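Here is the structure we will look at, set down as C-alpha cells.
One-based numbering, in listed order, for ligands and for the atoms of each. For this chain, numbers begin at 1 and follow the sequence in order. If you're wondering where the values come from, they're calculated on a predicted model, not measured in any experiment. Side-chain atoms are counted along with the backbone in the values below, which use heavy atoms only and exclude waters and symmetry mates.
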Amino acid sequence: MTTLTVLSTPPAAPARGAPLLRPGNSNCGGCGMSMALQIFSRALEQRRVQLVVPASCAAVAAGPFPTTSLGAPVVLSTFGAGAAVATGLARVARLNGDGTRVVCWAGDGGTYDIGMASLSAAAERDEDVLYVCYDNEIYGNTGGQRSSATPAGASTTNTPAGKPEQKKDMIRKMRRALDLTGFRFLHVLAPCPTGWKSEPALGIELVRLAVRSGLYPVVEIVDGRKLVINHEPDFSKEALELYLSLQMRFQRSGLSAEGLAEAIAQSWRDLRARSGRIVPADRER
Ligand SMILES: Cc1ncc(C[n+]2csc(CCOP(=O)(O)OP(=O)(O)O)c2C)c(N)n1
Ligand code: SF4
Ligand SMILES: [Mg+2]
C-alpha cells in the first residue's frame with residue numbers, strides 16, 4: 001500500500017524560474033507530452049505551481065528522487081488518485097493563501113479509465129484544480145496497451161488487429177485556464193511516436209492534420225453549459241488520409257478516411273447542436 005505523507009504546513013512552491021521540463025529527461029524524442037509541458041511552461045510565466053502526476057510516462061519523466069526532470073514541486077500519485085491528491089494540495093494552497101496553482105498532469109489512462117472516479121468527484125465539488133489530460137491514446141508507460149481514449153482501428157499491444165471500440169467521447173487556453181478558479185479540464189492531443197509508430201519530427205503536423213480534418217474538434221465548454229467552437233475545420237479528406245497514413249498504428253485494421261467520415265460528421269452535428277450554431281451542411285462531409 002502506498003502512503004502519502006501530508007505536511008501540515010507545506011512550503012510554498014517557489015517562484016518559477018526553471019523550465020517545467022528540464023533537459024536530460026527520459027521521454028522519447030518527439031514526445032507530444034514533452035511539447036505540451038514546454039508550451040505549458042511558457043503559459044505559466046512566473047506563477048507558482050505544484051504538479052500532481054499519477055502513474056504514467058510523465059511520472060517516469062519526473063525521475064528518481066532526489067533528482068527530477070520537472071521544474072516544479074511534484075507529488076506522484078497512485079494511478080487512480082490524481083484528482084483527489086490535487087484536491088488536497090489545492091485546499092492547503094488556499095488555506096496558505098500563497099497563490100500556488102495546483103495542476104494535475106495526467107495521461108489518458110489515468111483520466112478516461114482508472115482516474116475517472118476521482119476526476120468526476122473533484123469536478124462535482126468544483127475543486128480549484130487545473131486538470132490537464134495529455135492524451136497519447138494509449139497506456140504509453142507500460143508498452144502501449146489500449147485505453148478507452150484509443151481510437152477505433154488503432155493497433156496497440158493488446159489490440160494488434162486494431163481496437164474495435166470507438167474513442168470515449170470527452171471533452172486551449174492554458175493561461176486563461178490557470179487564472180480561473182474552480183475545476184478546469186484541459187484535453188491535449190499528445191502524439192506518441194513510440195506507440196503511434198510515427199516519425200518523431202511529425203508530432204505537430206499530426207495534430208494539425210487531426211484538427212484540419214475535423215477528427216479533433218477544438219472547442220471550449222464554459223460553466224458546463226456554453227459550448228464554443230474555437231476553430232472551424234475545413235474537413236479536408238486529404239488531411240484525414242495523411243493523418244492515417246503517417247501512423248503505422250492504423251495500417252493493420254485497414255481504417256480508411258471514407259470509413260471515418262460519417263463518425264466525424266456525426267460528432268460535428270452533435271457539437272453544432274450543443275453550441276446552438278447552424279452551419280450549412282455543405283461544410284460537413
Ligand atoms: C493500479 C495500477 N494499475 C496499473 C499500473 C501500471 N501502470 C503504470 S503507468 C500505466 C499506464 C498509464 O497510461 P496513461 O495514463 O495513458 O499515461 P502514459 O503512460 O500514456 O503517459 C499503467 C497501466 C499502476 N501503476 N497502477
Ligand atoms: S512512450 Fe510515448 S508518451 Fe511515453 S515518453 Fe515515449 S513518446 Fe512520450
Ligand atoms: Mg496515455
Which atoms from ligand 2 have a heavy atom of Cys28 less than 4.0 Å away? 1 (S), 5 (S), 6 (Fe), 7 (S)
Output the distance between atom CG (Asp135) and atom OG (Ser147), rounded to the nearest 0.5 Å. 6.5 Å
What part of Cys192, side chain, backbone, both or neither, has a heavy atom within less than 4.0 angstrom of ligand 2? both
Logged contact type for Thr111 with ligand 1, heavy-atom cut-off 4.0 Å, is neither
The option among Cys31, Gly144, Gly107 carrying the non-hydrogen atom nearest to atom 8 (Fe) of ligand 2 is Cys31
Measure Asn141 to ligand 1 on non-hydrogen atoms and call it side chain, backbone, both or neither using the 4.0 Å cut-off. both
Going by the 4.0 angstrom heavy-atom rule, the piece of Phe79 near ligand 1 is side chain
Could you tell me how the ring of Tyr131 sits relative to the ring of Phe185: parallel (under 30°), tilted (30 to 60°) or perpendicular (over 60°)? parallel
Suppose we only count N/O/S atoms under 2.8 Å; would Cys57 qualify as near atom 4 (Fe) of ligand 2? yes
Is Glu137 salt-bridged to Arg146, cutoff N-O under 4.0 Å? no
Atom 3 (S) of ligand 2 - nearest protein heavy atom and its distance: Asn136 ND2, 3.1 Å
Structural part of Asp108 in contact with ligand 1, heavy atom criterion under 4.0 angstrom: both
For Trp268 and Phe235, I'd like to know if the aromatic rings sit close, meaning centre-to-centre distance below 6.0 Å. yes
So is Pro193 touching ligand 2 or not, going by heavy atoms under 4.0 Å? yes
